[in-house]
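Every heavy atom of this structure was used, including side-chain atoms; hydrogens, water molecules and symmetry mates were not.
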Amino acid sequence: MTEPKAPAPMPEPKRPTLADATRGRILYGGDYNPEQWPEETWHEDVRLMKDAGVNSVTLGVFSWAKLEPRPGAREFGWLDTLMDLMHANGIGVVLATPTASPPPWMGHLHPETLPRDEDGRTEWWGGRQHFSHSSAVYRRYAAAITEDLAARYGDHPALTMWHINNEYCTYDWGDEAAARFRDWLRQKYGDLDALNSAWGTAFWSQGYGDWAEVHTPRHAHYLKNPTQVLDFKRFTSDMLLECYVAERDIVRRRTPHIPVTSNFMPLWVGQDAWRWAAEEDVVSVDLYPDPRDPFGAQQSALVQDMTRSQAGGGPWVLMEQAAGPVNWRGVNHPKPRGLNRLWSLQAVAHGADAVCYFQWRQSRQGAEKFHSGMVSHAGERGRTFQEVKQLGAELARIAPEVTDRHSRGDIAILHDWHSWWAGAHEGRLSTEVDYPQVLGSWHRALWEANLPRDFAHPEHDLSGYRIVLVPQLYALTDAAIDNLVAYVRGGGILVSGFLTGVADQDDRVRPGGMDERLRALFGIRTLHEWWPLDAGEEVECEAPAGSFRGTLWSEEIEAEPDGTAVAVARYKGGELDALPAVLRDGRAWYLSTLPEPGALRGLLAEIAADAGVRPVLAGLPDFVEAVRRGDLLFVLNHGRDTVTLSVPGTHRDLLTGAEVTDEITLGRHDVMVLRHE
C-alpha cells in the first residue's frame, strides 16, 4: 500500500505592485493635511488639484490625535468626507497609518511609550517620532488604529496604496528598548559566551556574566564597545522594521490587492534599506537636495539610483520633495525658476513612476509653516503653483510613453549599511573619512562620465554586471568576500577603494589588516600601515597617463614581488615615495587613496571603455546629464548656460511634441524626453 502524497503547497498570492496604484499614470500630488484647514478650503483645494493635474494625495500621516482624540475613541467623519471628496473628483488616496506621531494623551498616560536618549533623558511629545519602537503599549495602540483604518477604508474606491508610519528614524536607549535588545541578542548569539566572543569583551574588563548586565550603549566615560554599538544599530533597524511589518500585515490581510509602502530618507544611516525594501510592495524615498548645492543633481541621482536598485530595477515612488524652500537648513533658499521641474523629471528619468511633495498647501501654523507647498503662501497666482501646474500637465502627457520602461546599468556600486555602521565608530583612524562622502565621490565620477550604474549589496548576484565598484566596505562577511572573488574569477572587473575588507561582521580586524582573499585578489603581499591624511592634506601620485593628487587617505602597501600585480600609479615624495597608490592584478584594481575628482572620473571611464561600457551620450558639457529609461532618452541641463548637443538621428521630444534631428538645444534647467523616430 503506497503512502498518500502530501498536498502540494499553496502558491504564495501575488503581491501587488506600484503598477496596481498607477494604472498607467505617473502619480502626482503629495501629502495633504486638510485637518489644518476649515472645510470650505477642502473644496478650493480640490479645484486647484484638478487644475494642477494632481491625481494622488496622501492622507492621515500625522492625524492620530484627530482620529483618536481620547484612548479608544474614533473620529472618522472628517476622513470619510475627504475620502468621498477625493473619489468624486478622480483623485486617488494613499492612506497613511498615523503612527509616526502619537497623541499627547499616550505619553501622558503611558510614559513608557516615550523614547529616551543615550543620557537617559525622555524625548517628550510636542514634536514628532516620539515613540519607543520597543514599547508593547505603543505597538498595541498602533495596531488598533491600523486595524480600524483598514476595516473602514479597505473597500473605499479612492484607496490606491497604504503608507505605513512616516520616515522611521527613532532611536531609543530606554529600559523597554534595553529589555528588547537583550531578547534580540539572545536570539542572535544564543548564550553569553558567544556574545562575549563577538563583542571582544576581554578588552577593558567588559565580560558579561548575566544577561541583566547587558544594556543599550548609553553614555559612557570613554569610547564605547564598537560591536555593542554596531549591534545596537542593527537592533534599532530591526525593531523599526518589526513596527512596519506589524502594521503592514494588518492592512495586507484586509486589502491584499492594495500595495503597501513606507518612505525612506535619502541614504539615512539608521535603516538597513536592503532588508527593508524586501518587505515593501513599493519602495519610496523622500529627497530634499539643496538648491544652492552645485552637485545637488548628482546627490539626487545617487539616491534615485539606489532607490531604483532597492526596487529591483522596477519603478519607485518619490514620496516627498519640496516645491520651494525647506525650513530646516540654516538658510533655506527657494528653488530658482525651472529647478523644480528639472529635478522632478530627473526622478522620472531614473525610474520614478510617482512624483509627490511635502506638502500640498503650505501650513500657516506649526513647525513647518515655512516649508514650501505645492500651493505656497502666495496662492494660485504664485510662481510655485504655476510651475506645479505646468509639471502636472507634462507628466500626464509623457506617462503613457514612460511607465513600464526600465533600464539596468552595466556597473554596480556596492553599498552595505552594516559596513557603514561598523566603520563609523568613534575610535576609528580618521574622522575625516566620511563614508557617504566617499560613496558620493565614486558615484559622482560615474555621473559626470554619464556611465549608467546601479547599486547592489555585496552578497547579491553580481554576474550580470561588467564592472563592480567598491568605494569602501570596511566590514565584510565571508560570504561577501567569497562573492567578490567568485565574481572576478568569473570574468568580472572589480575596482575597490581603500579601507575595504578590514574587519569581519563583528568588527574584528582581519589578520593582516585586510582579508587574505582580497589581498591575493589585488596582488598585495603586505599592508604595512594605514596613513590617513589631515583635512586638506594631499599626496602626489605619478602614473604614465598623468600625475594626480590623492585625498583623505593613503596606505603603505607592498605588492607580491613575483606576482602579476602592476602599480598603475605610485606615490611621489613623502614617507610612501615610490610605493603603489593604485594597484592592478588582472581584472582586480585597488585604490589606496581617493583620487581627486577628475582623476577618479578619468580612471573609471578608462576602465569602463576597456570593458565595453559606453556613456549614454559621449562628450557632454559639465552638468548635463543623459539617462536612458527603456528606449527613451532624457537629457537634462543642470547648468545655468544654454547648451547645444549632438544627438544623432531624428527624435521627438515628448514634452513639447517637437521633432529634432542630430542636434538639440537646452536652456538653463531645461529637459527633453526624446523618443527615437
Side-chain angles (χ1 to χ4, degrees), residues 28-33 36-37 45 48 52 54 57-58 61-62 100-101 123 126-130 166-170 263-270 284-304 307 318-347 352 355-392 434 436-437 440 444 623 636 638-640 668-669:
Y28 186 57
D31 280 20
Y32 183 33
N33 302 292
Q36 299 176 13
W37 302 90
D45 284 334
L48 293 175
V54 167
V57 295
T58 301
V61 174
F62 295 116
S101 191
E123 295 184 354
R128 66 178 198 181
Q129 262 81 22
H130 51 279
N166 183 75
E167 292 184 339
Y168 280 101
C169 60
T170 307
N263 47 337
F264 294 149
M265 289 180 286
L267 195 61
W268 186 61
V269 69
S284 305
V285 74
D286 300 345
L287 188 52
Y288 293 101
D290 187 343
R292 286 287 185 96
D293 183 355
F295 289 98
Q298 180 261 316
Q299 285 296 310
S300 293
L302 186 156
V303 173
Q304 292 159 6
T307 307
L318 177 57
M319 184 68 78
E320 291 184 21
Q321 63 172 333
V326 297
N327 72 310
W328 39 264
R329 293 189 176 101
V331 178
N332 296 287
H333 299 287
K335 287 183 174 178
R337 189 178 300 275
L339 189 61
N340 175 48
R341 172 180 182 260
L342 175 68
W343 282 356
S344 297
L345 289 168
Q346 183 192 31
V355 174
C356 303
Y357 296 83
F358 181 83
Q359 54 184 328
W360 164 249
R361 183 182 284 276
Q362 192 167 10
S363 301
R364 292 182 61 196
Q365 291 182 291
E368 293 182 317
K369 59 182 173 290
F370 293 116
H371 189 296
S372 57
M374 298 171 77
V375 181
S376 71
H377 291 312
E380 67 178 300
R381 289 195 296 272
R383 174 170 66 85
T384 296
F385 182 75
Q386 293 304 312
E387 291 188 350
V388 160
K389 183 176 173 180
Q390 176 194 354
L391 178 61
D434 176 64
Q437 177 191 350
R444 174 183 164 187
F623 299 108
L636 308 104
H638 298 289
R640 300 184 63 85
R668 184 190 83 147
H669 297 161

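The ring pair (Phe, Tyr, Trp, His ring centres under 6.0 Å) search around Phe623 returns Phe295, not counting sequence neighbours. Remark: Gln362 engages Ser376, His377 in a side-chain contact (heavy atoms from CB on, under 4.5 Å) (not counting sequence neighbours). In this structure, the side-chain contact (heavy atoms from CB on, under 4.5 Å) partners of Trp328, at least two apart in sequence or on a different chain, are Tyr288, Val326, His371. Residues passing the side-chain contact (heavy atoms from CB on, under 4.5 Å) test with Glu380, sequence neighbours excluded: Glu44, Arg47, Leu48, Phe385. Partners of Glu387 according to the side-chain hydrogen bond (donor to acceptor under 3.5 Å, both in side chains) rule, which considers only residues two or more places apart in sequence or in another chain, are Arg383.
Between Arg329 and Pro291 there is a side-chain heavy-atom pair separated by less than 4.5 Å. Side-chain contact between Gln321 and Lys335 is present, with at least one heavy-atom pair separated by less than 4.5 Å. Residues Val54 and Trp360 form a side-chain contact, since some pair of their non-hydrogen atoms from C-beta on lies under 4.5 Å apart. Side-chain contact between Arg292 and Val331: absent, with no pair of heavy atoms (C-beta onward) separated by less than 4.5 Å. Contact annotation: the side chain of Gln129 never approaches that of Tyr168 to less than 4.5 Å [non-hydrogen atoms, C-beta and beyond]. Annotation: side chain of Val355 is not in contact with side chain of Leu345 (no heavy-atom distance under 4.5 Å). Here the side chains of Pro266 and Gln299 are not in contact, with every heavy-atom distance at 4.5 Å or above. Taking the side chain as every heavy atom from C-beta outward, Val388 and Leu391 never approach each other to under 4.5 Å.
In this structure, Met374 CE and Asn340 CG are separated by 8.5 Å, a value rounded to the nearest 0.5 Å. For the atom pair Gln346 CD and Gln304 CD, the distance stands at 4.5 Å (nearest 0.5 Å). Between the CD atom of Gln386 and the CZ atom of Arg337 there is a distance of 10.0 Å, given to the nearest 0.5 Å. The OH atom of Tyr28 lies 6.5 Å from the OG atom of Ser344; values are rounded to the nearest 0.5 Å. Interatomic distance, OH of Tyr32 versus SG of Cys356, reported as 15.5 Å (0.5 Å rounding). If you take OG1 on Thr307 and CZ on Phe264, they are separated by 8.0 Å, rounding to the nearest 0.5 Å.
Annotation for His669 and Pro336: closest pair CE1-CB, 4.2 Å, computed over non-hydrogen atoms. Across Tyr357 and Ala323, no two heavy atoms sit closer than the pair CD2-N, 3.6 Å. Residues Ala367 and Asn327 share a closest heavy-atom pair of O-ND2, 2.8 Å. Nearest heavy atoms, Gly639 versus Arg668: O-CG, 3.5 Å. The minimum heavy-atom distance linking Ser363 with Trp37 is given by the pair CA-CZ2, 4.2 Å. Looking at every heavy atom in both residues, Pro325 comes nearest to Pro334 through CD-CA, 3.8 Å.
Put simply, the side chain of Asn263 gets close to the backbone of Glu167: a donor and an acceptor are under 3.5 Å apart. The main-chain N or O of Gly296 is never found under 3.5 Å from a side-chain atom of Asp290 such that the two would form a donor-acceptor pair.
Among pairs with a residue in residues 356-368, those fulfilling salt bridge (Lys or Arg N to Asp or Glu O under 4.0 Å) read Asp45-Arg361, at least two apart in sequence or across chains.
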**Trace of the side-chain contact (heavy atoms from CB on, under 4.5 Å) decision for His638 with Trp343** = CA-CA 9 Å; His638 298 289; Trp343 282 356; 3.9 Å; yes
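If you check the side chains of Gln359 and Asn33, you find a donor sitting under 3.5 Å from an acceptor.
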